[in-house]
Amino acid sequence: YQRRVHGHRMPPPPTLQAPAPAPARRQDVEGCSWEEQQAFVLRELRRLYTEVVEPIEAKYAYEQFRPSEFSDVLTSTTPFVTFIGPFSAGKTTFLNYMLGGDYLWTGPEPTTNKFTVVFHGNETNQISGRILAANTSMPFRGLQRFGNEFLEGFSGFQAPSDILKSVTLVDTPGVLETGETHQRSYDYVEVMQWFIERSDLIFVMFDPTKLDCGRELRSVFKQLSGHESRVRIVLNKADTVGQHELMKVHGALFWNLSNLVSSTEPPRVYVSSFWNRPYRPLTNHDLFEAEKQALLYDMLYTVPLEALDRKVTALLKRAQDVLIHAVVIGTARMKLPKYFGKRDTKVKTIDNIDQVYAEVQATFRLPAANFPPEIDYKRFFTRFDLYDFPKLREFEQKTGLIERVQKCMAEQLPLLLKTITSDSATDPRKNNMLRTMLDRQKAESAANHPPGNHAYGAQPPPSSSQDFSHSFASPPPPGAT
């Protein structure tokens with residue numbers, strides 16, 4: 001219909017539409033289990049990346065500027081735990097111990113000559129590395145760049161173990177202790193760097209007879225620089241030596257690693273024998289059991305929280321990097337003329353990209369320390385024509401994505417981070433997997449402590465009917481006894 005106001009025809013009133021649903025907020029997950037909150041945060045991260053960040057990346061060719069396969073970071077739903085160490089240090093035996101069964105082949109001779117990713121499945125199944133790397137629903141597409149020689153030495157293994165619902169385990173080939181690194185058909189150190197950058201926890205394993213640090217292990221520790229907070233050292237097979245010898249081995253291990261670890265605080269060292277066999281007599285059984293429990297706590301409580309926190313902060317950093325990239329190119333594009341002097345003006349704008357930096361930093365209040373080196377953009381524009389990108393003002397008028405990504409960084413992602421760190425319901429200790437592992441640990445502790453076989457007159461450990469979960473309770477308030 002048409003209305004008349006003062007004799008003039010007026011357009012029909014706009015059609016009323018239902019308002020768009022508001023994004024899920026923190027109260028939507030209050031009272032949920034840890035698994036439900038984890039799934040909620042991951043869904044929100046994928047939604048924000050797909051709807052807000054990724055369209056800007058595509059429009060301004062950010063993936064060509066900084067190739068990274070970032071979508072793989074949000075594809076993995078469980079934390080990555082990677083095991084590194086010399087041959088026969090007990091890495092695969094450790095994995096079998098965590099899985100609760102002999103799923104992976106072990107032996108006294110070196111048996112692991114490939115990278116093996118162990119993840120959950122309803123039945124046992126071996127999967128080719130080529131299939132894993134080509135599967136878009138799994139976070140291994142970035143491994144294709146290492147070529148066919150590597151993919152021949154890469155595989156996946158599905159197992160119906162409950163622990164794999166909480167973590168994904170990565171078994172690696174033993175580190176060569178000699179200088180003969182040419183024996184490998186691919187760049188081992190580069191592949192290790194790929195896994196290290198994507199791992200949420202990294203165990204470097206030794207046994208008392210193999211403490212030397214060869215050339216390849218030194219190269220791996222260089223890749224660990226900057227990731228020290230995720231590194232744990234495991235002195236495995238600790239019951240193969242007596243208590244006094246174990247102290248000497250522990251000191252020798254720290255001495256050998258002192259030149260390799262660059263952080264001021266040394267990494268946590270776990271000392272135990274990670275297998276299902278009974279401990280040898282006259283060794284410190286109580287210490288070994290306590291170390292196993294501490295490692296379980298680290299893997300199943302600390303790691304899930306840190307892994308989810310790391311995904312949120314990774315998207316926050318990615319959003320900021322993409323925003324800087326878009327506003328720099330979009331602002332530089334606005335300085336180019338439409339008709340005359342196009343080539344000269346383009347060359348001058350690219351040569352004076354520092355002036356664009358200063359303008360963008362003042363306009364959007366972005367820290368100068370987060371901007372890439374100017375030479376990176378000069379190289380980028382040798383492959384891409386600045387005229388091929390949209391002007392920032394026109395792009396924002398059409399899409400509104402610049403404002404949306406700023407809101408994402410200022411409000412939505414910090415809200416997800418608050419969901420992880422502040423909600424009392426967000427407690428992986430409520431994870432069923434942690435309770436199951438603790439129950440199994442109690443049974444093994446009872447089996448490892450037959451009557452009359454305690455080391456050097458030590459008191460018997462708690463009986464199997466006692467609850468070990470008090471070891472993982474929150475610390476008492478200040479002043480409590």
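In what follows, every heavy atom counts, from backbone to side chain, and hydrogens, waters and symmetry copies are set aside. Since the model is a prediction, treat every value here as computed from it, not as a measurement.
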Please output the side-chain donor-acceptor pairs of residues 319-338 that fall under 3.5 Å, not counting sequence neighbours, one pair per line with the distance.
{"from": "Gln320", "atom 1": "OE1", "to": "Asn370", "atom 2": "ND2", "distance (Å)": "2.8"}
{"from": "Asp321", "atom 1": "OD2", "to": "Lys317", "atom 2": "NZ", "distance (Å)": "2.9"}
{"from": "His325", "atom 1": "ND1", "to": "Tyr377", "atom 2": "OH", "distance (Å)": "3.0"}
{"from": "His325", "atom 1": "NE2", "to": "Tyr60", "atom 2": "O", "distance (Å)": "2.6"}
{"from": "Thr331", "atom 1": "OG1", "to": "Val327", "atom 2": "O", "distance (Å)": "2.6"}
{"from": "Arg333", "atom 1": "NE", "to": "Phe389", "atom 2": "O", "distance (Å)": "3.2"}
{"from": "Lys335", "atom 1": "NZ", "to": "Glu359", "atom 2": "OE1", "distance (Å)": "2.9"}

Could you check if a side-chain atom of [X] sits within less than 4.5 angstrom of a side-chain atom of [Y], using non-hydrogen atoms only?
{"X": "Leu132", "Y": "Leu143", "answer": "no"}
{"X": "Lys311", "Y": "Ser76", "answer": "yes"}
{"X": "Tyr103", "Y": "Asn96", "answer": "yes"}
{"X": "Ile233", "Y": "Tyr270", "answer": "no"}
{"X": "Gln38", "Y": "Leu308", "answer": "yes"}
{"X": "Val405", "Y": "Val53", "answer": "yes"}
{"X": "Phe221", "Y": "Val261", "answer": "yes"}
{"X": "Phe80", "Y": "Val167", "answer": "no"}

Has the side chain of [X] got a donor or acceptor atom that lies under 3.5 Å from a matching backbone atom of [Y]?
{"X": "Glu228", "Y": "Gly226", "answer": "yes"}
{"X": "Gln158", "Y": "Thr124", "answer": "no"}
{"X": "Tyr357", "Y": "Pro372", "answer": "yes"}
{"X": "Ser166", "Y": "Asp162", "answer": "no"}
{"X": "Asn352", "Y": "Lys348", "answer": "yes"}
{"X": "Asn236", "Y": "Met205", "answer": "no"}
{"X": "Thr363", "Y": "Val360", "answer": "no"}
{"X": "Ser199", "Y": "Leu201", "answer": "no"}
{"X": "Gln144", "Y": "Ala133", "answer": "yes"}
{"X": "Thr172", "Y": "Phe83", "answer": "yes"}

Can you tell whether the side chains of [X] and [Y] come within less than 4.0 Å, N to carboxylate O?
{"X": "Arg404", "Y": "Glu51", "answer": "yes"}
{"X": "Glu44", "Y": "Arg47", "answer": "yes"}
{"X": "Asp72", "Y": "Arg141", "answer": "yes"}
{"X": "Arg318", "Y": "Glu63", "answer": "yes"}
{"X": "Asp385", "Y": "Lys346", "answer": "yes"}

Interatomic spacing from [atom1] in [X] to [atom2] in [Y] - rounded to 0.5 Å:
{"X": "Ser161", "Y": "Leu169", "atom1": "OG", "atom2": "CG", "answer": "8.0 Å"}
{"X": "Ile84", "Y": "Leu224", "atom1": "CD1", "atom2": "CG", "answer": "5.5 Å"}
{"X": "Asp171", "Y": "Thr82", "atom1": "CG", "atom2": "OG1", "answer": "10.0 Å"}
{"X": "Thr345", "Y": "Lys342", "atom1": "OG1", "atom2": "NZ", "answer": "10.5 Å"}
{"X": "Gln406", "Y": "Glu411", "atom1": "CD", "atom2": "CD", "answer": "11.0 Å"}
{"X": "Ile202", "Y": "Gln223", "atom1": "CD1", "atom2": "CD", "answer": "10.5 Å"}

> Sequence neighbours excluded, which residues qualify as ring-ring contact (aromatic ring centres under 6.0 Å, His included) partners of Phe154?
Replying inline: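 Phe154 satisfies ring-ring contact (aromatic ring centres under 6.0 Å, His included) with Phe140, Phe150 once adjacent residues are dropped.
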Can you establish whether the number of heavy atoms outside [X] located under 6.0 Å from its atom [atom1] is more than 12?
{"X": "Glu403", "atom1": "CD", "result": "no"}
{"X": "Arg343", "atom1": "CZ", "result": "no"}
{"X": "Tyr387", "atom1": "OH", "result": "yes"}
{"X": "Asp388", "atom1": "CG", "result": "yes"}

>> Would Leu45 and Leu413 count as a side chain to side chain contact (heavy atoms under 4.5 Å, CB included) here? Give the steps.
In response: CA-CA 8 Å; Leu45 290 177; Leu413 288 176; 3.8 Å; yes
If you take all heavy atoms of [X] and [Y], which pair is closest and at what distance?
{"X": "Ala314", "Y": "Val73", "result": "CB-CG1, 4.5 Å"}
{"X": "Lys378", "Y": "Ile350", "result": "CE-O, 3.7 Å"}
{"X": "Pro139", "Y": "Trp194", "result": "O-CH2, 3.3 Å"}
{"X": "Tyr301", "Y": "Pro304", "result": "O-CD, 3.4 Å"}
{"X": "Thr75", "Y": "Arg46", "result": "O-NH2, 3.9 Å"}
{"X": "Asp298", "Y": "Arg232", "result": "OD2-NE, 2.6 Å"}

> What residues, two or more places apart in sequence or in another chain, satisfy salt bridge (charged side-chain N to carboxylate O under 4.0 Å, His left out) together with Arg66?
Replying inline: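 Arg66: salt bridge (charged side-chain N to carboxylate O under 4.0 Å, His left out) contacts with Asp376.
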> Yes or no on side chain to side chain contact (heavy atoms under 4.5 Å, CB included) for Glu152 and Arg130, after CA distance, side-chain angles and deciding distance?
Replying inline: CA-CA 8 Å; Glu152 288 293 331; Arg130 296 180 185 275; 2.7 Å; yes
>> For Arg268 and Glu291: C-alpha separation, side-chain torsions, deciding distance, then whether salt bridge (Lys or Arg N to Asp or Glu O under 4.0 Å) applies.
In response: CA-CA 11 Å; Arg268 171 70 159 92; Glu291 292 286 270; 3.1 Å; yes
>> Can you classify the ring geometry of Phe384 versus Phe380 as parallel (below 30°), tilted (30 to 60°) or perpendicular (above 60°)?
In response: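 Parallel.
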>> Is the ring pair Tyr97/Phe274 parallel, tilted or perpendicular, if the boundaries are 30 and 60 degrees?
In response: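 The rings of Tyr97 and Phe274 stand perpendicular, inter-plane angle above 60°.
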>> Pair Phe371, Asp354 - check side chain to side chain contact (heavy atoms under 4.5 Å, CB included), show working.
In response: CA-CA 10 Å; Phe371 279 64; Asp354 57 319; over 6 Å; no
>> Checking Arg230 against Asp200 for the salt bridge (Lys or Arg N to Asp or Glu O under 4.0 Å) test, could you report, in this order, the C-alpha distance in whole Å, the side-chain angles of both residues, the deciding distance, and whether it holds?
In response: CA-CA 6 Å; Arg230 290 178 259 166; Asp200 300 287; 5.7 Å; no
> Given the rule in the side chain to side chain contact (heavy atoms under 4.5 Å, CB included) test, do Leu48 and Leu416 qualify, once you have shown the distances and angles that lead to the verdict?
Replying inline: CA-CA 11 Å; Leu48 291 173; Leu416 288 180; 4.3 Å; yes
